[in-house]
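The next block holds one structure in the form of structure tokens; read it before the comments.
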2 protein chains.
Amino acid sequence: MISRDQTAKRVAAFQAVCRIHGVKATHQRMEILRELAGTEEHPDVETIYERVRRRIPAISLDTVYRTLRLLEEKGVIRRVGSIKDRTRFDANTERHHHFVCAQCGMIGDFTSDVLDRFPVPREAAQMGSVDGVYVELRGRCRKCQMEAKKPEKR
Amino acid sequence: MISRDQTAKRVAAFQAVCRIHGVKATHQRMEILRELAGTEEHPDVETIYERVRRRIPAISLDTVYRTLRLLEEKGVIRRVGSIKDRTRFDANTERHHHFVCAQCGMIGDFTSDVLDRFPVPREAAQMGSVDGVYVELRGRCRKCQMEAKKPEKR
DNA sequence: ATCCATCCAGTAATGATTACTATTTAATAA
DNA sequence: TTATTAAATAGTAATCATTACTGGATGGAT
């Protein structure tokens with residue numbers, strides 16, 4: 001669980017970004033960010049929509065999409081999860097990487113000094129300038145491993 | 001460019017896979033794989049479709065999608081490129097990683113001993129079993145860098 | 001408190017991918 | 001080689017996530 005302080009900090013940071021970029025810090029935007037900043041689940045758009053709806057029943061799905069695009073543009077959040085159909089989001093912009101369960105889609109954060117110090121190979125450097133490294137470990141999460149072992153459920 | 005030998009080898013390997021798994025090695029499937037195995041471009045579905053159409057004019061887009069799914073299931077090809085909308089494919093199943101140009105979508109292969117030896121952090125290992133590591137370097141390719149420098153084109 | 005550019009709700013449109021069905025074909029054996 | 005049959009294909013419709021559009025609503029500077 002993310003601490004209230006941490007969540008509040010991220011929301012406050014967004015308000016600062018709004019002033020700088022001249023975009024409005026509306027109720028909808030704050031709630032969407034608050035929702036994302038308060039979880040480690042890396043939710044998808046539909047999930048964020050459902051949850052924000054509990055606070056703002058009339059909010060539209062398009063607003064959620066638009067807001068997430070805006071937040072990403074401003075560098076406040078990031079898109080996570082390769083290949084898969086539904087895009088998932090992360091309000092943690094500190095340097096970290098992801099473990100993804102191929103079965104249930106669970107995403108977990110981890111850090112790695114090795115990856116942080118990763119020297120770009122000459123071979124790759126020759127292709128162009130490198131802005132970032134995206135790393136994803138793929139596997140089967142603990143929970144899915146357990147369930148695979150005891151197929152007692154019918 | 002991929003050598004004819006290499007391409008032929010990949011196609012032959014697929015025929016073997018077909019016999020083992022009891023799926024038919026049809027003309028369409030062979031041509032789709034031949035197309036993908038003969039390029040280093042990591043093409044998307046539409047591109048593969050257009051190219052195979054030159055050899056099999058009546059082929060349907062659905063067949064291309066179905067075949068690529070099949071090839072991926074059998075471990076003959078891989079999906080590449082995170083986040084983006086159009087999925088791209090790679091017939092090179094040897095251990096390697098990708099450089100992706102955020103501007104034009106160019107994808108290049110590279111290898112890295114550091115990444116191949118990457119020890120899964122305890123933190124990540126606790127989340128579950130790790131099957132694979134997906135690494136992607138994101139940046140701007142040489143060509144796009146050049147074009148950005150001389151904005152003479154109107 | 002007012003004004004106006006920006007934003008939002010509701011809904012339609014888009015674009016990639018998948019599903020469906022009647023017809024064709026690959027693979028096996030006679 | 002030909003017959004047989006399950007599997008594969010072509011053509012097209014359907015689906016699903018995401019994006020676009022529009023008239024009405026709202027944040028925030030004055």
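In the text below, chain A, chain B and the rest are named by the order of the sequence lines, each starting its count at 1. On a predicted model such as this, the values are computed, not experimentally measured, just so you know.
- Although no hydrogens or angles enter the test, the distance criterion places a donor-acceptor pair under 3.5 Å between the side chain of A:R88 and the main chain of A:G105.
- At whole-Å resolution of the value, CE in B:M30 and P in C:dT25 are 17 Å apart.
- Between B:R66 atom CZ and C:dT25 atom C1' there is a gap of 13 Å when expressed in whole angstrom units.
- At a threshold of 4.5 Å between non-hydrogen side-chain atoms, the residues A:D90 and A:I107 do not count as touching.
- For B:T63 and D:dA10, the shortest distance from a side-chain N or O to OP1 or OP2 is below 4.0 Å.
- Distance NE2 (A:H27) to P (C:dA9): 10 Å, rounded to an integer number of Å.
- One atom, CD of B:Q28, and another, P of D:dA10, lie 5 Å apart when rounded to the nearest Å.
- Distance A:K24 NZ to D:dT26 P: 12 Å, rounded to the nearest Å.
- Among the nucleotides C:dA9, D:dA10, D:dA8, the one closest to any side-chain atom of B:T26 is D:dA8.
- Nearest nucleotide to the side chain of A:T87, out of D:dA10, D:dT18, C:dA26: D:dT18.
- Taking only distance into account, the side chain of B:D62 meets the base of C:dA19 through a donor-acceptor pair shorter than 3.5 Å.
- In this entry the distance linking CG of B:L70 with P of D:dA7 reads 13 Å, nearest Å.
- Heavy atoms of A:R69 sit under 4.0 angstrom from primed sugar atoms or phosphate atoms, though from no base atom.
- Listed candidates were D:dT9, D:dA10, D:dT18. Nearest to the side chain of A:L61 is D:dT18.
- The distance between atom CZ of A:R86 and atom C1' of D:dT18, rounded to the nearest whole Å, is 12 Å.
- Checked by atom type, the side-chain pair A:Q28/A:T67 shows no donor-acceptor distance below 3.5 Å.
- Distances from the side chain of A:Y65 to the nucleotides D:dA10, C:dC8, D:dT18 place D:dT18 closest.
- Using a 4.5 Å cut-off on side-chain heavy atoms (C-beta onward), A:R122 and B:F110 make no contact.
- If you find the closest nucleotide of DNA chain C to B:E46 and to B:R19, the one lying nearer the 5' end belongs to B:E46.
- For B:V23, the side-chain atoms get nearest to D:dA8 when compared with the rest of C:dA9, D:dA8, C:dT17.
- A straight line from CD of B:E31 to P of C:dA26 spans 13 Å, rounded to a whole angstrom.
- Ion pairing of A:E72 with A:R69 is absent here, as no side-chain N (NZ or NE/NH1/NH2) approaches a carboxylate O to less than 4.0 Å.
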